[in-house]
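In what follows, a single structure is set out as structure tokens and then discussed.
Nothing fancy with the numbering, it's 1 onward along the sequence. The structure presented is a predicted model; accordingly, all values stated were derived computationally and were not measured.
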Amino acid sequence: MFGYSQSPRAWGFTRGMARTIGCSLPDAVVDGWLSRDELSDLVETCRTCGQTRKCTDFLAHTVQAADLPGFCPNARALGALRP
């Protein structure tokens with residue numbers, strides 16, 4: 001089971017952004033493409049980002065995307081995990 005009880009909102013945003021580009025973060029860890037420490041770093045980056053409103057709006061209106069928006073500091077790392 002994956003999740004971040006200390007940062008549930010950041011975990012939700014990070015997971016949500018990954019989902020919009022077709023990436024499952026738990027699967028990436030299980031399959032060895034991403035370590036738990038790297039996943040933790042992504043969640044921490046999200047937690048400290050400061051773009052919560054933009055992220056919320058993006059996720060509320062986007063089911064699938066070719067790329068993540070430029071305001072997302074995890075866009076490059078998540079994009080690299082895209083299937």
Side-chain angles (χ1 to χ4, degrees):
M1 178 77 172
F2 289 88
Y4 289 83
S5 59
Q6 296 81 14
S7 302
R9 180 181 231 175
W11 164 241
F13 285 145
T14 305
R15 187 182 62 205
M17 288 298 225
R19 280 180 171 170
T20 65
I21 59 169
C23 178
S24 166
L25 293 177
D27 287 350
V29 172
V30 170
D31 293 343
W33 293 103
L34 185 68
S35 73
R36 285 182 179 250
D37 286 342
E38 290 168 326
L39 179 56
S40 181
D41 290 345
L42 290 173
V43 173
E44 180 62 16
T45 297
C46 179
R47 189 186 70 77
T48 59
C49 169
Q51 298 294 334
T52 304
R53 183 177 302 274
K54 288 181 181 180
C55 189
T56 300
D57 289 344
F58 176 80
L59 291 172
H61 297 99
T62 308
V63 175
Q64 190 173 20
D67 295 300
L68 293 176
F71 66 79
C72 179
N74 284 326
R76 176 178 269 171
L78 293 174
L81 295 171
R82 184 181 343 194

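With rounding to the nearest 0.5 Å, the separation of CG in Asp67 from CZ in Arg76 is 12.0 Å. A distance of 13.0 Å separates CG of Leu78 from CZ of Arg19, quoted to the nearest 0.5 Å. Taking CG of Asp27 as the start and CG of Leu81 as the end, the distance is 11.5 Å to the nearest 0.5 Å. Taken from OG1 in Thr20 to CE in Met17, the straight-line distance is 6.5 Å, to the nearest 0.5 Å. Here Ile21 contributes atom CD1 and Thr62 contributes atom OG1; the two are 12.0 Å apart, rounded to the nearest 0.5 Å.
Side-chain contact between Arg9 and Cys46 is absent, with no heavy atoms from C-beta onward closer than 4.5 Å. At a threshold of 4.5 Å between non-hydrogen side-chain atoms, the residues Leu34 and Leu25 count as touching. With a 4.5 Å cut-off on side-chain heavy atoms, Arg53 and Asp57 count as touching. Thr56 is listed as a side-chain neighbour of Phe13, based on a closest heavy-atom distance under 4.5 Å.
In terms of modelled atom types and a separation under 3.5 Å, the side chain of Ser7 and the main chain of Ala10 share no donor-acceptor contact. With hydrogens and angles disregarded, no donor-acceptor distance shorter than 3.5 Å links the side chain of Arg15 to the backbone of Pro26.
When all heavy atoms of Pro69 and Ala75 are compared, the pair lying nearest together is O-CB, 4.0 Å. Looking at every heavy atom in both residues, Gly22 comes nearest to Pro83 through O-CG, 3.1 Å. In plain terms, the two heavy atoms of Phe71 and Cys49 that are nearest each other are O-SG, 4.4 Å.
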